Amino acid sequence: MNATTNRQIQKAGDNASQIQAQTVIQNIGISEERVHDIVGAACDRAIESCLMESRNAVEQRLGSFKDDLYVIVGNQLQLFESLREPSCAATLGAAAGAAARTNSAADHQMLAELLVKRFESPSDRRVATGVTKAIEIVEFLTDEELAGLTVFYAVNGYTPSSGVIGEGIKALAGIYEKLPLDLLPAGTDWMGDLDILDAIRYSSLTSLTPFLDLQFDILKGYTVCGVKADSTEEAEVLEKLEEVGLPTDLLVSHELNPGYKRLSLRYIDRFDNLLYRHDCDASKPGIPLNNVQIEALRSICQLSQDDSRATIIRENLKNEMFKLPVLVKVHDWWNSIPWAPRLTPAGECLASANSRRLNSYLPE
């Protein structure tokens, strides 16, 4: 049996269900020509507000910004329907103005990503607040500050979805490999600068949870104790699985806790978005769990929780993660941060935009 969700990496807290549409409805909305007119007009206004001597430079910068925006939006022209909302139109104007002030190609890409985020959630006030502030400050961030912000966000925000521990840890490492780890800042000055820019908040009275402790708590499906092999508890679990029509091979040897078995699941408290297959053929549609099966899994996970083996599991998790140099690098940088920052809405938007800029396959 193969239990799965719909992607290898997802946002922590992501709870989305898969929905398959039976009917495709084509909605004729804003045209590509109209989109170019709207974006062009916003950029023209930014050009008009600059000095004659700087117009050539501004025109080149705005040309770069427009190109990046069209590439990121692609064929999702419906996103520009959000411009019917005046505040979204104002955000487009603000982004064009910011693009005119910077000659950084990375800044132009960031501004385009921020606009897409705003257009995707036109009525979300938190997103509106975050994107508006992010557009104001993007040109003031150093590469090192943005790298720190992005990696901090990624460690807290992205988690593997695979129920197979080795696969999940490799998927997590694959995410970090796409991030600017060579630019990670040292010391604490970067935190002070980001605090001034309203991208983070921090207090010297609060310390950061160590990297491995954080992963131990996040990866509950991997770090759960499980049931002892060949015990009455294992027999009880196998009986429960059979009773509800789930394959017994969902119970697997625990990779981090020798002599124990666990359900091959990433989570021990979220089952609504799970699908399962009786074989490994990914081309076949997964089967959603029914309520009785969900309750059975919940009961098994409760039976599997025991802190008596936590030290062994924690050490084995460390050994498994430290096989991958990229995770060692993130671990060492994370543990060098003396205080516990909190990302503001602007900081979240900046980090999310930069993550997507570096790896477009990441979930929002």
Side-chain angles (χ1 to χ4, degrees), residues 11-12 94-95 98-99 101-114 117 126-127 129-159 172-215 217-218 321-322 324-359 362 364:
K11 280 292 295 294
R101 294 191 301 270
T102 175
N103 63 357
S104 165
D107 286 353
H108 295 158
Q109 293 166 5
M110 286 282 291
L111 290 165
E113 289 283 2
L114 288 167
K117 187 174 185 68
R126 180 179 175 82
V127 170
T129 300
V131 168
T132 299
K133 183 63 179 178
I135 287 172
E136 289 179 12
I137 65 176
V138 67
E139 64 189 283
F140 302 113
L141 297 175
T142 67
D143 292 341
E144 291 75 19
E145 290 162 1
L146 185 58
L149 192 68
T150 303
V151 174
F152 186 86
Y153 171 84
V155 171
N156 281 292
Y158 293 117
T159 182
L172 193 60
I175 290 297
Y176 295 160
E177 284 173 349
K178 300 291 180 67
L179 301 179
L181 301 184
D182 292 337
L183 296 174
L184 286 172
T188 59
D189 287 350
W190 66 280
M191 296 171 63
D193 293 342
L194 289 175
D195 185 86
I196 291 171
L197 291 172
D198 199 24
I200 66 169
R201 290 286 178 263
Y202 72 93
S203 167
S204 59
L205 301 177
T206 308
S207 59
L208 193 62
T209 301
F211 182 81
L212 286 171
D213 291 346
L214 179 67
Q215 295 302 322
D217 290 338
I218 291 175
M321 286 190 153
F322 277 23
L324 301 169
V326 65
L327 293 181
V328 176
K329 190 166 191 174
V330 173
H331 165 275
D332 292 348
W333 176 76
W334 181 274
N335 285 0
S336 74
I337 302 173
W339 308 310
R342 177 182 60 82
L343 270 62
T344 65
E348 290 178 4
C349 288
L350 285 165
S352 174
N354 197 39
S355 297
R356 296 278 293 174
R357 182 180 72 87
L358 297 167
N359 185 352
L362 285 176
E364 276 292 339

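Because the structure is predicted, anything quoted here is derived from the model rather than measured.
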Ser352 and Lys117, any side-chain heavy atoms less than 4.5 Å apart: yes
Listed partners of Asn103 passing side chain to side chain contact (heavy atoms under 4.5 Å, CB included), at least two apart: Arg61
Thr344-Asp198 side chain donor-acceptor pair, cut-off 3.5 Å: no
Proximity of Phe152 and Trp334 rings by center, below 6.0 Å: yes
Straight-line distance of Lys178 NZ to Ser355 OG, nearest 0.5 Å: 12.0 Å
Candidates Val131, Val138, Ile137, Thr132 - the one meeting side-chain contact (heavy atoms from CB on, under 4.5 Å) with Ile135: Val131
Stepwise side chain to side chain contact (heavy atoms under 4.5 Å, CB included) check, Gln215 with Val155: CA-CA 9 Å; Gln215 295 302 322; Val155 171; 4.0 Å; yes
All salt bridge (Lys or Arg N to Asp or Glu O under 4.0 Å) counterparts of Asp182, not counting sequence neighbours: Lys329
Derivation and outcome, salt bridge (Lys or Arg N to Asp or Glu O under 4.0 Å), residues Arg101 and Glu139: CA-CA 8 Å; Arg101 294 191 301 270; Glu139 64 189 283; 2.8 Å; yes
Atom pair CD/CG of Glu144 and Asp189 - distance to nearest 0.5 Å: 12.0 Å
Closest non-hydrogen atom pair between Leu194 and Leu149, with its separation: CD1-CD1, 4.1 Å
Minimum heavy-atom distance between Ile337 and Leu208, given as atom pair plus value: CB-CD2, 3.8 Å
Considering all heavy atoms, the nearest Val127-Cys349 contact: O-SG, 4.2 Å
Exercise: identify the closest heavy-atom pair between Ala351 and Leu343: CB-CD2, 4.3 Å
Phe322 and Leu327: CA distance, side-chain angles, deciding distance, side chain to side chain contact (heavy atoms under 4.5 Å, CB included) verdict: CA-CA 6 Å; Phe322 277 23; Leu327 293 181; 5.6 Å; no
Nearest non-hydrogen partners of Thr150 and Leu146, listed with the distance: OG1-O, 2.7 Å
Minimum heavy-atom distance between Ser104 and Thr102, given as atom pair plus value: N-OG1, 3.1 Å
Side chain to side chain, Pro180 and Asp143, heavy atoms closer than 4.5 Å: no
Heavy-atom check, side chain of Tyr153 versus side chain of Tyr158, under 4.5 Å: yes
pair Leu205-Ser203: side-chain heavy atoms closer than 4.5 Å: yes
Euclidean distance, Asp193 CG relative to Thr142 OG1, rounded to 0.5 Å: 7.0 Å
Criterion side chain to side chain contact (heavy atoms under 4.5 Å, CB included) on Thr159 and Leu172, from CA distance to verdict: CA-CA 7 Å; Thr159 182; Leu172 193 60; 5.7 Å; no
Given Trp190, Tyr176, Phe211, the one that forms ring pair (Phe, Tyr, Trp, His ring centres under 6.0 Å) with Trp333: Trp190
Non-hydrogen side-chain atoms of Met321 and His331 separated by less than 4.5 Å: no
Nearest-0.5 Å distance, CD of residue Gln109 to CG of residue Leu358: 8.5 Å
Reported CG-to-OG1 distance for the pair Asp217 and Thr209, which is rounded to 0.5 angstrom: 7.5 Å
Arg357 side, atom CZ; Asn354 side, atom CG - distance, nearest 0.5 Å: 4.5 Å
Chi angles and distances behind the side chain to side chain contact (heavy atoms under 4.5 Å, CB included) call for Met191, Trp339: CA-CA 9 Å; Met191 296 171 63; Trp339 308 310; 4.0 Å; yes
